[in-house]
Amino acid sequence: MDESSGLIKEIKKKVKELRSKGLNLYPSGFRRDITVGEVVNRFGKMDNNELERTTDIFTLAGRVMSIRDFGKAFFIHIKDGTGKLQAYIRKDRVGDEDFEIIELIDSGDHVGLTGQLFRTKTGELTLLANSLVLLSKSQRPLPEKYHGLIDVETRYRQRYLDLIVNDDVRHTFILRGRIIQTIREFLDKQGFIEVETPMMQSIPGGATARPFKTYHHALGMDLYLRVAPELYLKRLVVGGLEKIYELNRNFRNEGISTDHNPEFTMLEFYVAYATYEDLMDLTEKLFLYLLNKLFGRLTIKYQGNPIDFTTPWPRISLADSLKDIGGMPESVLSDSQALIDLARSKGVDVKDNEEIGRVLNKFFEYIVEPKLIQPTFIVDHPIEISPLSRRKDENSEIAERFELFIGGKEIANAFSELNDPDDQRQRFLKQASLRDAGEEEALFMDEDYLKALEYGLPPTAGEGIGIDRLVMILTDSLSIRDVILFPQMRKK
RNA sequence: GGGCCGUUAGCUCAACUGGCAGAGCAACUGACUCUUAAUCAGUAGGUUCGGGGUUCGAUUCCCUGACGGCUCACCA
């Protein structure tokens, strides 16, 4: 905003005037004895007769959201972290000194109020003020009260304004906090230990994604922001931590979209002596716990579609989903040339010698994924797109893996972990050759991780859940930026 | 990175084929001690995102840049 804006000049004038009265515009030490939310809870249902009998005097604080000036009286609305309450300020009640202050107050200012409750003619619960204190002067105008703040760029860059003005945004982020808290609660009850592993890694691993690179001066070495905690968590399982999780940020140097932010929050958890099938059961349990705790019901709406979390959820192999949901002819599934031709005819971008598993996966993302609105486990992925997964005993080209889809989005990815160090070495070598061929997302060879595997990783299953996307589903948000407080933006 | 769309007062939005840049809210002055999108009377507020071009004249047309949204590609 332009500093010479007329509105700001007006406010600065008031600031000078208030200061010339010897008033501290930013005093400390004011204590409230109740919040707006508590007031509404306790007195919201009482009629005026009951309120008149309660002669309690309360001290409240909040931001002034609206002002209606009647000359010798004011109605204002204040808002604190728990809600909104009207206050009635009469000159004959607060006295001349306090009344001079209210005359100079703007919406956006924080005030402290003392008084008792009553109900106005129109029935609104209102604080009849005995006194008023300015707690913090706002020196910039708030967005308009009726339309709120709509401009998305301002909403993301100045999220605090968005939070002040748009209650639904506030509720989304409060719910996000509760979701994360409830997940921790569930995992805690299941006997998991929360651990923290490096965000800065000398060899980035655990996911096929391009990392951010940085440099440590004292050590004189390159470091990468982690794309996943996976390989460190599995080292811990080698070390005997049998049920662990990490819930924190990952960083991927990829495109930005409504489903992608360069830094995003991921839950990863590992269970020794379990399989990917056990994790499907556990995932269903987790969601039931979340839905019951947060909403008290199992059906929610996402972008107009009802989503029913009642278990069990369908478990469909990737190949079957291509046939049954994507409508792909069975004959094409095993014929790589026919598959590539079909892909091209549908506008799916594939290379000439692209491996069949990768083509199938691209097809899946194109024709099946958007249709998976109800919670669905897709299982048995091609091994070539699963370099850290255990092979199936009965078919070495298929991984013991599942992905969970809800609302047409991938929400979770899990597998029985590859614990054969020799097989893992071969997979790393394959990834290294892809990297040499120019694929920047391919995995790095990680000798240190292989060494850990050589000490013996017990049979283990692990899962990652994209928290931002989960929050999107549970808060009916269209863009990942609406569930991340400060989404990545270009410098202005 | 490509395509499409957008950027006008503090906020939300108008402005026809290129012809004096406007409204509501907010602000300011005044009136009003039960209003609630308060009301009434008045006032002020603009680098029309930046730069260049075409034109007698550009918010409008053209070129270019910045930022944002959607989308495709990449990915989760």
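Quick note on labels: first sequence line is chain A, next is B, and so on, each numbered from 1.
Centre separation under 5.5 Å together with a plane angle under 30° holds for the ring of A:F75 and the six-membered base ring of B:U35, marking them as stacked.
As a whole-Å value, the separation of A:L247 CG from B:A76 C1' is 15 Å. Rounded to whole angstrom, the span from the CZ atom of A:R93 across to the P atom of B:C34 amounts to 15 Å. A:F70 places its CZ atom 12 Å from the P atom of B:C40, with the value rounded to the nearest Å. Put simply, OH on A:Y366 is 15 Å from P on B:U71, counting in whole angstrom units. Distance, A:R155 CZ to B:C11 P: 15 Å, rounded to whole Å. Rounded to an integer number of Å, the gap from CD of A:E410 to P of B:C74 is 15 Å.
Not less than 6.0 angstrom separates the ring centroid of A:F251 from the ring centroid of A:F212. Taking the six-membered ring for Trp and the full ring otherwise, the centers of A:F186 and A:F192 sit at least 6.0 Å from each other.
A cation-pi arrangement, defined by a distance under 6.0 Å to the six-membered ring centre and an angle within 45 degrees of its axis, is absent between A:R176 and A:F173. Annotation: cation-pi geometry not satisfied between A:R401 and A:Y276 (NZ/CZ under 6.0 angstrom from ring centroid, within 45° of ring axis).
Side-chain atoms of A:N413 and A:E463 include no donor-acceptor pair closer than 3.5 Å.
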Output one line per pair: protein atom, nucleotide atom from nucleotides 1-6 of chain B, and distance, for all N/O pairs under 3.5 Å.
none

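Residues of residues 110-117 of chain A that place a heavy atom closer than 4.0 Å to RNA chain B do not occur. For residues 77-91 of chain A, proximity to RNA chain B is found at A:H77, A:Q86, A:Y88, A:R90, defined as any non-hydrogen atom under 4.0 angstrom from a strand atom.
For A:E97, the CD atom sits in a loose shell: 12 or fewer heavy atoms of surrounding residues, nucleotides or ligands are nearer than 6.0 Å. Annotation: A:M200, atom CE; neighbour count of heavy atoms from other residues, nucleotides and ligands within 6.0 Å does not exceed 12.
Side chain of A:E254 to main chain of A:R210: a donor-acceptor pair is present (N/O by atom type, distance under 3.5 Å, no hydrogens or angles).
Between A:W313 and A:F377, the two ring planes are tilted [angle within 30° to 60°]. Note: A:F75 and A:Y88 have parallel aromatic rings, judged against thresholds of 30 and 60 degrees for the angle between ring planes.
The side chain to side chain contact (heavy atoms under 4.5 Å, CB included) with A:S131 is formed by just one residue from the set A:I89, A:V94, A:T114, A:L113; it is A:T114.
Nearest nucleotide to the side chain of A:R252, out of B:C74, B:A76, B:U35: B:A76.
Across all strands shown, A:D92 has heavy atoms under 4.0 Å from base atoms, whether or not it also approaches the sugar-phosphate. Contacts of A:T258 with the nucleic acid, taken as non-hydrogen atoms under 4.0 Å apart, involve only primed sugar atoms and P, OP1 or OP2. As judged by a 4.0 angstrom heavy-atom cut-off over every strand, A:R469 is placed among the base-contacting residues.
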| How does RNA chain B look in dot-bracket notation if pairs are Watson-Crick or G-U with both distances under 3.5 Å, crossing ones as [ ], other-strand ones as |? | (((((((..((((.....[..)))).(((((.......))))).....(((((..]....))))))))))))....
N/O donor-acceptor pairs under 3.5 Å from side chains in residues 477-484 of chain A, not counting sequence neighbours:
unit_1	atom_1	unit_2	atom_2	d
A:S477	OG	A:T475	OG1	2.8
A:S479	OG	A:R481	N	3.1
A:D482	OD1	A:Y156	OH	3.0

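Going from the C1' atom of B:A41 to that of B:G57 covers 39 Å, rounded to whole Å.
If you check distances only, the side chain of A:D151 never reaches the base of B:U12 with a donor-acceptor pair under 3.5 Å.
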| Tell me, for nucleotides 22-31 of chain B in 5' to 3' order, what letter each nucleotide earns: B for a base near a protein heavy atom under 4.0 Å, S for only sugar-phosphate near one, - for neither? | --BBBSS---
